[in-house]
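Okay, so here's the structure we're looking at.
It should be emphasised that the depicted structure is a prediction, and the values quoted were computed from it without experimental measurement.
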Amino acid sequence: MSTVNTSHFEITTFFLVGMPGLEYAHIWISIPICSMYLIAILGNCTILSIIKTEPSLHEPMYYFLSMLAMSDLGLSLSSLPTMLRIFLLNAPEISANACFAQEFFIHGFTVLESSVLLIMSFDRFLAIHNPLRYSSILTTVRVAQIGMVLSFKSILLVLPFPFTLRSLRYCNKSQLSHSYCLHQDVMKLACSDNRIDVIYGFFGALCLMVDFMLIAVSYILILKTVLGIASQKEQLKALNTCVSHVCAVIIFYLPIINLAIVHRFARHVSPLTNVLMANVLLLVPPLMNPIVYCVKTRQIRVRIGAKLCQRQTNSHIS
């Protein structure tokens, strides 16, 4: 710590938390956590590899899925360092600059995933509402442009976060509430005026909720279109193409909404509950999305099965 004046100290190191009350079991808790990270990273890398190497999957739907996999990878890799340090090495401290950098990447990839889920809902609506013009509207060039716009939007939206946090002064408190750094968690420790951070943090959360509302609107339009199809078989076929995306939306937004409700209305809930819900927020979507899309998307499932069979055949030959 470095002295600011005779009565205050400026904090340059924060302390993250593992599982409150279960510190003695951190080494055992690290086993499922590391397993989840490993499965999430391998699963998303597998999806990216399959889409890249299979020409038949070079379609808008799968390009957007690859964007989702990249955002999931980013979320996993952003939180992985502090999680491993806490649960494997019992080292909860993190420097202020490293904390600000981590929250930038976590919030950035969170915004990116929300944006990708939104554009995927528009993709499903366009494929169901106007299938004949689908390929001509969503060309490869246009999909690439959409990807660039979403990336720039995510960066620009969260870029002020580390700078506004760094402009604050931190004294007396250095204990954070989660196993990784979040903007709303860090700014609460400031002993200087943090109104700008509160307002901008609310604006960032509002952007996520706008994405969620637009996704809901997209599905209202999808249902309206599907109900206009005469054949019940065709209705089910159209809705079935949306199942994986609906699961991804629920997996992503449900923990965010639950955590926001707990922070806002259930302030006396145990610290362990807060930490568990915050860890679910970053661990579960990257873990479950590849599983959902592999199970529900026949094209990806078939390609993965073919790759596994090819490897087994090659191993027998060698």
Side-chain angles (χ1 to χ4, degrees), residues 36 40 43-44 47 61 64-76 78-79 103-125 146-147 150-151 153-154 157-158 161 177-185 200-223 239-266 269 273-297:
M36 292 173 75
N44 286 292
I47 285 181
M61 172 184 173
F64 292 133
L65 177 56
S66 66
M67 293 180 197
L68 184 66
M70 289 178 66
S71 62
D72 280 334
L73 270 177
L75 277 177
S76 294
S78 298
S79 58
E103 63 88 24
F104 168 77
F105 285 110
I106 287 176
H107 287 292
F109 283 113
T110 300
V111 171
L112 178 60
E113 181 146 348
S114 178
S115 301
V116 171
L117 290 172
L118 173 59
I119 202 64
M120 289 176 82
S121 69
F122 288 155
D123 168 76
R124 290 299 83 210
F125 168 69
I146 291 172
L150 295 183
S151 299
K153 171 200 168 187
S154 304
L157 184 62
V158 302
F161 281 175
S177 306
H178 304 305
S179 304
Y180 49 84
C181 292
L182 289 177
H183 177 263
Q184 60 267 31
D185 198 19
Y200 197 76
F202 177 76
F203 173 73
L206 186 62
C207 289
L208 290 183
M209 290 302 102
V210 169
D211 286 349
F212 180 72
M213 295 302 295
L214 290 175
I215 290 172
V217 170
S218 297
Y219 273 97
I220 291 172
L221 296 175
I222 287 172
L223 285 174
L239 289 175
N240 191 52
T241 63
C242 302
V243 171
S244 299
H245 180 258
V246 171
C247 291
V249 170
I250 293 172
I251 290 168
F252 177 74
Y253 283 103
L254 190 60
I256 291 177
I257 294 171
N258 285 340
L259 189 62
I261 291 173
V262 167
H263 275 289
R264 181 66 181 87
F265 299 106
V269 73
T273 302
N274 272 331
V275 171
L276 283 173
M277 293 181 67
N279 289 348
V280 165
L281 178 65
L282 290 195
L283 285 171
V284 172
L287 171 72
M288 292 303 299
N289 284 339
I291 296 173
V292 168
Y293 274 95
C294 287
V295 170
K296 292 298 297 179
T297 308

Report task. Measure the CE-OG distance between Met67 and Ser115 for me, rounded to the nearest 0.5 Å. Result -> 11.0 Å
Query raised in the report: Under a 4.5 Å cut-off applied to non-hydrogen side-chain atoms, are Ile256 and Phe212 in contact?
Result: no
Query raised in the report: Does Ala278 offer a backbone N or O that forms a donor-acceptor pair with the side chain of Tyr180 under 3.5 Å?
Result: yes
Query raised in the report: About how many Å separate CG of Leu65 and CG of Asp123, when rounded to the nearest 0.5 Å?
Result: 10.5 Å
Report summary line: All heavy atoms of Pro286 vs all of Asn44, minimum pair found to be O-ND2, 3.0 Å
Report task. Answer yes or no: does atom CE of Met36 have more than 12 heavy-atom neighbours from other residues, nucleotides or ligands under 6.0 Å? Result -> yes
Requested in this report: Could you tell me the separation between the CE atom of Met277 and the CG atom of Leu254, rounded to the nearest 0.5 Å?
Outcome: 8.5 Å
Query raised in the report: Is any side-chain heavy atom of Met61 closer than 4.5 Å to a side-chain heavy atom of Arg124?
Result: yes
Query raised in the report: Within a strict 4.5 Å, meaning less than it, do heavy atoms of the Ser177 and Asn274 side chains meet?
Result: no
Query - Val280 to Pro285 - nearest heavy-atom pair and separation - result: O-CD, 3.5 Å
Query raised in the report: Any side-chain heavy atom of Ile220 sitting closer than 4.5 Å to one from Leu223?
Result: no
Requested in this report: Check step by step if side-chain contact (heavy atoms from CB on, under 4.5 Å) holds for Asp211 and Leu117.
Outcome: CA-CA 8 Å; Asp211 286 349; Leu117 290 172; over 6 Å; no
Query raised in the report: Is the number of heavy atoms from other residues, nucleotides or ligands within 6.0 Å of CE (Met213) greater than 12?
Result: no
Query raised in the report: With Ser79, which residues qualify under side chain to side chain donor-acceptor pair (under 3.5 Å), at least two apart?
Result: Tyr37
Query - Parallel, tilted or perpendicular: ring planes of Phe203 versus Tyr200, cut at 30 and 60 degrees - result: tilted
Query raised in the report: Is the closest side-chain heavy-atom distance between Thr110 and Leu281 below 4.5 Å?
Result: no
Report task. Compare every heavy atom of Pro290 with every heavy atom of Ala40, then report the nearest pair and how far apart it is. Result -> O-CG, 4.5 Å
Requested in this report: Indicate the ring-plane relationship of His107 and His183, choosing parallel, tilted or perpendicular according to the 30° and 60° boundaries.
Outcome: perpendicular
**Report entry** Ring centres under 6.0 angstrom apart (Phe122, Phe125)
**Finding:** no
Query - Ser76 side, atom OG; Leu283 side, atom CG - distance, nearest 0.5 Å - result: 7.5 Å
Query raised in the report: What pairs meet the side chain to side chain donor-acceptor pair (under 3.5 Å) rule with one or both residues in residues 281-296, with sequence neighbours excluded?
Result: Asp72-Asn289, Glu113-Asn289
Query raised in the report: Atom CZ in Phe109, atom OG in Ser114: separation rounded to 0.5 Å?
Result: 14.5 Å
Query raised in the report: Below 4.5 Å, heavy atoms only, C-beta onward: do Val284 and Pro255 meet side chain to side chain?
Result: no
Query - By ring-ring contact (aromatic ring centres under 6.0 Å, His included) - contacts of Tyr219 (at least two apart) - result: His245
**Report entry** Test side chain to side chain contact (heavy atoms under 4.5 Å, CB included) applied to Val111 and Val116, Leu157, Leu150, Ile106, the passing residue
**Finding:** Leu157
Query - Heavy-atom side-chain contact between Leu75 and Ser78 under 4.5 Å - result: no
Query - Derivation and outcome, side-chain contact (heavy atoms from CB on, under 4.5 Å), residues Ile250 and Cys247 - result: CA-CA 5 Å; Ile250 293 172; Cys247 291; 5.8 Å; no
**Report entry** Gap separating the OG atom of Ser218 from the CG atom of Leu118, nearest 0.5 angstrom
**Finding:** 6.0 Å
Query - Side chain proximity check, Val158 to Phe105, heavy atoms < 4.5 angstrom - result: no
